[in-house]
Structures are given as C-alpha cells and as structure tokens.
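First up is the structure itself, then whatever we jot down about it.
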Amino acid sequence: MLSSLFRRQRTPRERPARDRRTCAAHLTELAEKAENRAKKTQHDKGKMTARERLEMLADPGTFREINRFLGGDIDEEYLGSGVITGFCQIGGRPVAVYAQDFSVRGGSLGQVEGQKMIHLIKQAVDLGMPIISLLDSGGARIQEGVAALAQYGKVFQATSLASGVVPQISVILGPCAGGAVYGPALTDFVVMTKRSSFMFVTGPEVVKAVTGEVVTSDELGGAQMHSAVTGVSHYLAEDEADALDFTRTLLSYLPANSKEAPPTFAYQTNQADLENAARVGELVPVSPKQSYDMVEVITSLVDHGEFLEIQELFAPSVITGFGAFCGQSVGIVANQSLVDAGTLDVNASEKAARFVQFCNAFSFPVVTLVDVPGYRPGTEQERAGIIRRGAKVITAYATATVPLITVIVRKAYGGAYIVMGSKAMGADFNFAWPGAQIAVMGSEGAVNIVYRKELAQAKADGKDLAEARKRLEETYATQAVSPNLSLEIGELDGLITPEQTRDTICQALAATRNKQRRPNAWAHAANPP
Ligand code: HXC
C-alpha cells in the first residue's frame, strides 16, 4: 500500500537506448520543460525559480550541479528532485550550495532530497568550504512518511556536525514549514525576505485544524516577526535579490572553514578614515543621561566606514556585526545607547553570546565597545531567565580564545561591565576613554544602599533630603565611579583619548596576530585563580 505512494524508478536496463546526441537533446528538452513549470509555479507567486536564484547567487557561469539524477528520474516528468545541489564560486571562492525547488512537490524533503543534501554537506566539510542553502519547502514529504522524517534527522545531524567547521548560511525564500525550519535554525546565519518568506513548525492550516486558531502566515512566521521578535532571522531583506546580495557580502567577511583565518583586505590609510576617527569623540555626549547612536561610533572607527550589522532588528540594545581595522576583519560587539541605554536583557545576552561564539569558532578577533548601565533589572527579566540566559555571555567571552580587545567609551557598570570582554574575563587589551564611569553600580542606586543610614539621619534631622542625596551621590561618584581603581589593579591597560581609539585597536590587533589559542587559560596562567 505504502509502496504505491512512491514513484517507481526505472533501472538503466529498462530505459530506451539512445545515442549520445539524442540523449543530450532529450535531457535538454526535459530540463527546459521542468524549468518552464518551475517558472510558472514561482513567478506567479512573485518568486524566482531555484535555478534563477542559484544563477543570481553565484559568480556568473560558475554553478556546477551534482547528482541531478540521484534516485533515478531521468525520464520522468520532474527531471530531478525537490532540491538542486552543487558547487559554485562566490567572490572567486568555492562554496557548496543547495536550493530547494518548490515546483517539485512543494520543495518537500523525501529520501532522495535528504540523500543529496547530506552528501553535499559532508563533501563541503571534507573540502573545507562554506555551505549556503536556499530554502523554499513544505517540510517532510508527507507521502514518504517516516522515511522522510528519518532523512530530516540525518540532515540535522550533518548540519550540526558541520557547525563550527564551515560557515553555514540559510536563505529563506518561500514558505518553510516543519523540518524545513530546524535545518536553518542549526546554521550560523538566517536571511529572510519581506513578504514571501515564512518559517513555522506547522503551517496556518494545521494550526487551525489542531488548535482552532486562525492566523495568517505572516503572523505565524513572517520575516519581520522572525527578524525583530524571535531573532531566528539575522537579516530582513527587501526581496530575493537583496537577500542574495547580503549573503554574498556576508560571505566576503567569512573564512572558508575553521582552520583558515578570516579574509584580510588590502588597506591604504585614507583621509576620510583619519578624519572620522579623529571626530569620534564628538559623537558621544559626556552626560551619561544623553543617548547617541553607537552605530555611528562604529562606522567612524572601522575601515571605510563599512560595518555589516547582524540581527539589527533583534535585541537592538546590543549591536553585533563585522567590520575591518587596517584590513583585518573583526567581529564587533557594542552597546546601543539609543535603546534602553544599552542594557543587557535576555535577548541581547543571547545575541551577543552567539555572535562571540561564532567569532571564536572562525578565528575573528572580537572588538567590544562598552557603554552599559548593567543587566536590565525587574521581574519581567528575572522571570524570562536573565540568570540562565545572561550567563551565556559569560561563557562566550570566558571561553573565547581569539584576540579580545575592549574599549569602554562611557559607562561600565556592574555585572554587565565585567561580562562584556573585561580583563577579568580574559581579554587581551582593555582601554577606556577618560571620564569613563566604571563601578559596581551607578550613584543613584548605590547611595540608597551604602548611605542608607546617612539618608535616614538627614530625614530625622529635617534636612533637605534631595540636597543630602545629591551631596552623597557626588561623594560616591568622586570616590567610586572612575577608571582609577581599574588602572591601579590592572583591569585596564590604559586610558586613551577618543581620537586614539582606531589606532589603538589597530595596534592591539597587530599585537595579538599570533596569539596562541589555548583552550584553557588556566593551563598557562602563572597564578591560576
Ligand atoms: C508533500 C507537499 C508538502 C509536503 C506542500 N506540498 N507541502 N507535498 N509533502 N510536506 C505540495 C502540495 O501538495 C502542492 O502539490 C505543492 O506542494 C504546493 O503546495 P501548496 O499548498 O499549493 O502551496 P502554498 O499554498 O504556497 O502553501 C505552501 C505551504 C503548504 C504553506 C508549505 O503547502 C503547507 O502548509 N504544507 C504543509 C506544511 C507542513 O505542515 N509541513 C510539516 C510536515 S512535517 P500540488 O501537487 O498540489 O502542486 C515535518 C516534520 C519534520 O516537516 C520534523 C523534524 C523535526
């Protein structure tokens, strides 16, 4: 009964004999037929076909398909399966790619599709090249039952084993349901397009049938939602062309595999970069109560002002992305003063942690720009698991063996200061701008605790409470909120003026170029804690 659901595959012996030319012409004719059908399915929905996407992604004329006829199908209607696999060049570098073909049974994954994807992933790992997947799929092929589910298990295993070995980027270009969403979730970066891409474990129809909830695809798993709310998506593209363009740009920052260093760029000092670096101090107001755009600070410091932000819309109180200093690619983590004053919350913690772990896996030095008032306080955050999820930032920095360079540009308070690439967490070079406020907590909170008795006395004496509080805050600020103690105990390597920041980072990167990446700092520490 079940076997009747599978399409019969003919053995070579059964196929009609043809000469080479007839055979080639026949295949071309079938390929055209299949592509025309794909165009009809996809163009009507405002989407490109899998082959058109591959052409747009790859350097012109470099895509070479493999295993088109794996599992048979040469003379069949579909000519191939629901996924196209192969290799291409992007920016002149080899990349493994697979693209799901929605025109073949909704791009669903059956035995053959799984076999092709697993083969490609394994080969990419063996050959040390990044993997890009273009997804557009209804998930496990319902007709193939548990055999399709088993293939998903194997795809997940292959993707997980490739994680940290070669970079993996998933581009979602249509509906992705069921198993089709977990594959991308296991990769390093997910790109989604506005309007046409969706990710959900079960589609709206199934949701309605099971729970009675009526919901649109957009509400359930649209690109905006996954980019701003869940953080599943790392980039919200305008359309397919933008998604593929972003993918090419992202790839240009990444090494081919974990044994290679990230690409370096030829860099010539130029007037614009010098001027921007000289003016960076003007961007940060001295008053800690005034906010500013940290992205502008970053773009004033990096080569050519080029910063590729990752997960811009998700947990925006922390900024993550790639840039270069004097030609050296780095990962950048920074607090965004414009959003909740740059506090760390559950999502920001996980965002920063995951990014630092990616940088560590692929040898990116991490430059951290700190201006943080602390972890965000309150019941909402405690209940959301700020202890468990906030701890991820600690693990990421504490176990990172890549060069870590940190600059405190203004505030650095409490736990958030210490976890964001502090010297105590293993950073190689730590600097602060003059006037940096480094302390366990800000004056307002601290006075309530350490001067509680003095405040009570002032109240009992009928003194002006606001005046007494102001005086005590000033005393605390002078005594405890400055970089002095950090300099005295060696938590800072020095104070630098804002204008010196870019040069200092470039020098620190040069000094750490041959850093010996020992997995356990205790192994070589003179005085283990
Ligand atoms: C087989 C499928 C399919 C599937 C779609 N098709 N999904 N065939 N298995 N999983 C087929 C349709 O029958 C149809 O075939 C064609 O693909 C196009 O589908 P449409 O529904 O016409 O397209 P559209 O309206 O754009 O809707 C796309 C969709 C919807 C949202 C993806 O098809 C859908 O909801 N599919 C099921 C999604 C789902 O719940 N998947 C979970 C599978 S379980 P014809 O011949 O009519 O053109 C799973 C578990 C893995 O994946 C768990 C691992 C942990």
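Ligands are counted one by one from 1 in listed order, and the atoms in each one are counted from 1 as well. Reckoned from all heavy atoms, side chains included, excluding hydrogens, waters and symmetry mates.
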Could you list which atoms of ligand 1 come closer than 4.0 Å to a heavy atom of [X]?
{"X": "I142", "answer": "1 (C), 4 (C), 9 (N), 10 (N)"}
{"X": "L149", "answer": "50 (C), 51 (C)"}
{"X": "G178", "answer": "42 (C), 49 (C), 52 (O)"}

Q.
Exactly one of Y235, F246, F355, F358 should register a ring pair (Phe, Tyr, Trp, His ring centres under 6.0 Å) with F189. Which one does?
A.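 Only match with F189 under ring pair (Phe, Tyr, Trp, His ring centres under 6.0 Å): F358.
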Within-cut-off N or O pair, [X] and ligand 1, under 3.5 Å:
{"X": "G106", "answer": "yes"}
{"X": "K45", "answer": "yes"}
{"X": "P175", "answer": "no"}
{"X": "G179", "answer": "yes"}

Q. How far apart are the C-alpha atoms of K194 and D242, what are their side-chain angles, what is the distance that settles it, and do they pass the salt bridge (Lys or Arg N to Asp or Glu O under 4.0 Å) test?
A. CA-CA 10 Å; K194 284 180 185 168; D242 184 28; over 6 Å; no
Q) Between M225 and L220, which heavy-atom pair has the shortest distance, and what is it? A)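 Result for this residue pair: CE-O, 3.2 Å.
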Q) Of all heavy-atom pairs between S137 and Y152, which one has the smallest distance, and what is that distance? A)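 Nearest pair, atom of S137 first, then Y152: OG-OH, 4.1 Å.
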Q. Hey, does F325 have a side-chain heavy atom less than 4.5 Å from the side chain of S329?
A.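 With C-beta onward as the side chain, the pair stays apart.
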Q: Salt-bridge test for D59 and R248: reply yes if a basic N is under 4.0 Å from a carboxylate O, no otherwise.
A: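 Yes, charged N to carboxylate O under 4.0 Å.
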Q: Kindly determine whether Y98 and F87 satisfy ring-ring contact (aromatic ring centres under 6.0 Å, His included), including the steps that lead there.
A: CA-CA 8 Å; Y98 66 84; F87 299 92; over 10 Å; no
Q | Minimum non-hydrogen distance to atom 10 (N) of ligand 1, winning option of A150, A177, G139, A140 | A | A140
Q. Side chain, backbone, both or neither: which part of L109 has a heavy atom under 4.0 Å from ligand 1?
A.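 Near ligand 1, L109 shows nothing, with every heavy atom at 4.0 Å or more.
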Q.
Applying a heavy-atom cut-off of 4.0 Å, say which part of V206 lies close to ligand 1: side chain, backbone, both or neither.
A.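 Near ligand 1, V206 shows its side chain, while the N, CA, C and O stay back.
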Q.
Would F198 count as a contact residue for ligand 1, given that I'm defining contact as a non-hydrogen atom of the residue lying under 4.0 Å from a ligand atom?
A. no
(Q) Taking a cutoff of less than 4.0 Å between a non-hydrogen atom of the residue and any ligand atom, is Q143 in contact with ligand 1? (A)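 Q143: in contact with ligand 1 (<4.0 Å).
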(Q) Taking side-chain hydrogen bond (donor to acceptor under 3.5 Å, both in side chains) as the criterion, tell me which of Q151, Q111, E113 meets it with R141. (A)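 Among Q151, Q111, E113, the one that satisfies the side-chain hydrogen bond (donor to acceptor under 3.5 Å, both in side chains) with R141 is E113.
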